[in-house]
Amino acid sequence: MSAAARTDAGAPAPEPFPAFLKLAGREVLVVGGGKVAAGKVDALLAAGARVRLVAPELRPELERDGVERLRRPFEPRDLDGAWLAVAAATPEVNREVSRCAEARRVFVNAVDDPSNASVYLGGVVRRDGVTVAVSTGGRAPALAGLLREALEALLPSDLSRWTAEAGRLRDLWRRPGAPPLAERRPLLLEALNRLYAPRRDEAAPPAAPEVHP
Ligand SMILES: C[C@@]1(CC(=O)O)c2cc3[nH]c(cc4nc(cc5[nH]c(cc(n2)[C@H]1CCC(=O)O)[C@@](C)(CC(=O)O)[C@@H]5CCC(=O)O)C(CC(=O)O)=C4CCC(=O)O)c(CCC(=O)O)c3CC(=O)O
Ligand SMILES: NC(=O)C1=CN([C@@H]2O[C@H](COP(=O)(O)OP(=O)(O)OC[C@H]3O[C@@H](n4cnc5c(N)ncnc54)[C@H](O)[C@@H]3O)[C@@H](O)[C@H]2O)C=CC1
């Protein structure tokens with residue numbers, strides 16, 4: 001078991017608190033300019049974050065809109081104004097970034113160092129407006145990846161129909177006369193099942209061919 005899974009006293013560590021961050025328009029510091037940093041930057045930009053990237057050398061694909069680039073080694077002041085930091089440089093630099101971020105109460109993801117990170121990234125499935133994320137609390141990243149694959153296979157390919165129907169019912173249930181909360185889940189399940197019920201015209205036996213004398 002990795003250091004992340006146990007506290008110093010040997011007691012099991014508390015499980016991480018799952019949350020989905022709204023990063024749009026918020027500043028995120030990424031330290032490092034290699035392959036790993038490039039992958040994190042892709043995900044951060046997709047979430048609408050404003051990325052500040054610090055590294056003496058960086059890969060050409062990091063020269064893109066939405067990324068403020070500082071070509072020099074990390075300095076603690078780079079964390080000023082950041083909501084979140086990602087340490088994706090060398091292990092020694094990552095440790096320093098984690099230490100400084102912790103001191104400033106900025107959450108930090110350290111790609112190679114679960115015990116010094118305050119944020120773990122997970123395996124992620126996104127489909128039709130639904131996001132499912134899996135973490136093993138830093139204990140077994142490859143297992144998080146496998147579970148992500150399994151969930152990808154399990155979720156229906158037409159999940160957009162589910163989200164549309166659930167959204168439609170939610171709008172209805174905001175009006176006066178809506179069923180009480182406790183009844184809504186079973187009603188939602190029934191409504192989703194109805195999406196797959198054969199339509200009356202499909203269920204009817206085929207009409208006998210018309211015979212013309
Ligand atoms: C703490 C964390 C970093 C963070 O938070 O960013 C972290 C850390 C480390 N990963 C390592 C190795 C591997 N990581 C993967 C895969 C993934 N790792 C991911 C997340 C995380 N990995 C976070 C914790 C997640 C959690 O809580 O469970 C996933 C889910 C998401 C993502 O990275 O985007 C992604 C699957 C994506 C998908 O398929 O969906 C594979 C397997 C593979 O690639 O198939 C291997 C090789 C096999 C192995 O070693 O297990 C090593 C050892 C490095 C070494 O020894 O050199 C460390 C460092 C350490 O543990 O010390
Ligand atoms: N490449 C991989 O598949 C994996 C990498 N890791 C870890 O991820 C981290 C990054 O990996 P890569 O992207 O492959 O590394 P890389 O070697 O390609 O890039 C390292 C980057 O860090 C920058 N850097 C060095 N000193 C710095 C400083 N003082 N301040 C700011 N930036 C500095 C370099 O300029 C470079 O851009 C490493 O800690 C590595 O151990 C972990 C698992 C897998």
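Whatever order the structure lists them in is the order used to number ligands and atoms, beginning at 1. Computed from a prediction, not measured in an experiment: that's the story for all the values here.
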Same apolar cluster (I L V M F W Y, side chains within < 4.5 Å links), L70/V41: no
Any G138 heavy atom less than 4.0 Å to ligand 1: yes
Contact summary for A89 and N94, nearest pair of heavy atoms: N-OD1, 2.7 Å
Among N109, V31, V108, side-chain contact (heavy atoms from CB on, under 4.5 Å) partner for S98: V108
Ligand 1 atoms in contact with R148 (distance to a heavy atom under 4.0 Å): 38 (C), 39 (O), 40 (O)
Contacting atoms of ligand 1, where contact means under 4.0 angstrom from a heavy atom of G145: 36 (C), 38 (C), 39 (O), 40 (O)
Sub-3.5 Å N/O-N/O distance, L121 and ligand 1: yes
Shortest heavy-atom approach to atom 51 (O) of ligand 1 - which of A142, A117, G123: A142
Contact check, L58 vs ligand 2, heavy-atom distance below 4.0 Å: no
Atom pair CG (L62) and NZ (K35), whose distance is rounded to the nearest 0.5 Å: 13.0 Å
Exercise check, heavy-atom protein proximity under 4.0 Å to atom 36 (C) of ligand 2: yes
Identity and separation of the nearest protein heavy atom to atom 19 (O) of ligand 2: G34 CA, 3.6 Å
Shared hydrophobic cluster for F20 and F107 (ILVMFWY, side-chain gaps under 4.5 Å): no
Nitrogen or oxygen of N109 less than 3.5 angstrom from that of ligand 1: yes
Salt bridge present between R99 and E96 (N-O < 4.0 angstrom): yes
Spatial distance of atom CD (E27) from atom CG (D78) [nearest 0.5 Å]: 10.5 Å
Crowding at CD, E165 (>12 non-hydrogen neighbours, <6.0 Å): yes
Crowding at CZ, R69 (>12 non-hydrogen neighbours, <6.0 Å): yes
Reported NZ-to-CG distance for the pair K40 and L121, which is rounded to 0.5 angstrom: 4.5 Å
Rounded distance [0.5 Å steps], CZ in R64 versus CG in L45: 4.5 Å
Nearest-contact summary for atom 10 (C) of ligand 2 - protein heavy atom, Å: A88 O, 3.4 Å
Between S115 and D113, a side-chain donor and acceptor under 3.5 Å: yes
CZ-CG distance between R168 and L188, expressed to the nearest 0.5 angstrom: 10.5 Å
Protein non-hydrogen atom below 4.0 angstrom of atom 24 (N) of ligand 2 present: yes
Protein residue, atom and distance nearest to atom 26 (N) of ligand 2, heavy-atom basis: V93 CG2, 3.9 Å
Shared hydrophobic cluster, L44 / L29 (ILVMFWY, side-chain heavy atoms < 4.5 Å): no
Test item: protein heavy atom less than 4.0 Å from atom 42 (C) of ligand 2: no
Ligand-residue contact atoms, ligand 1 with G137, heavy atoms, under 4.0 Å: 27 (O)
Residue F74 vicinity, atoms of ligand 2 by number, heavy atom under 4.0 Å: 28 (C), 29 (N), 30 (N), 31 (C)
Face-on cation placement of R161 at Y196 ring, 6.0 Å and 45° thresholds: yes
Nearest-neighbour protein heavy atom for atom 34 (C) of ligand 2, which is reported as residue plus atom name and distance: E57 O, 4.0 Å
R72 atom CZ: more than 12 heavy-atom contacts under 6.0 Å: yes
Which of the ligand 2 atoms, numbered from 1, are nearer than 4.0 Å to a heavy atom of P73: 28 (C), 29 (N), 30 (N)
Nearest-option assignment for atom 33 (C) of ligand 2, heavy atoms, candidates P56, P91, G39: P56
Ligand-side contact atoms (ligand 2) for residue partner V31, heavy atom cut-off under 4.0 Å: 31 (C)
Numbered atoms of ligand 2 (with element) below 4.0 Å of A55, judged on heavy atoms: 31 (C), 32 (N)
Which residue and heavy atom of the protein sit nearest atom 21 (C) of ligand 2, plus the separation: G33 N, 3.6 Å
4.0 Å heavy-atom contact, K40 with ligand 1: yes
Shortest protein contact, atom 9 (C) of ligand 2 (heavy atom only): A89 O, 3.2 Å
Which of the ligand 2 atoms, numbered from 1, are nearer than 4.0 Å to a heavy atom of V54: 31 (C), 32 (N)
Sub-4.0 Å atoms of ligand 1 with respect to non-hydrogen atoms of A144: 28 (O), 30 (C)
T90 N/O to ligand 2 N/O under 3.5 Å: no
Options V86, L146, T136, ranked by nearest heavy atom to atom 28 (O) of ligand 1, top entry: T136
R194 CZ to L189 CG distance, which is reported to the nearest 0.5 Å: 10.0 Å
Residue and atom name of the nearest protein heavy atom (relative to atom 44 (C) of ligand 2), distance in Å to one decimal: V36 CG2, 4.7 Å
Atom indices of ligand 2 within 4.0 angstrom of V111 heavy atoms, with elements: 8 (O), 9 (C)
For N94, atoms of ligand 2 separated by under 4.0 Å from a heavy atom: 39 (O)
Selection from S115, P141, A43, S135 by shortest heavy-atom distance to atom 14 (N) of ligand 1: P141
Per-atom contact, atom 4 (C) of ligand 2, protein heavy atoms, under 4.0 angstrom: yes
Sub-4.5 Å side-chain heavy-atom contact between E152 and R127: yes
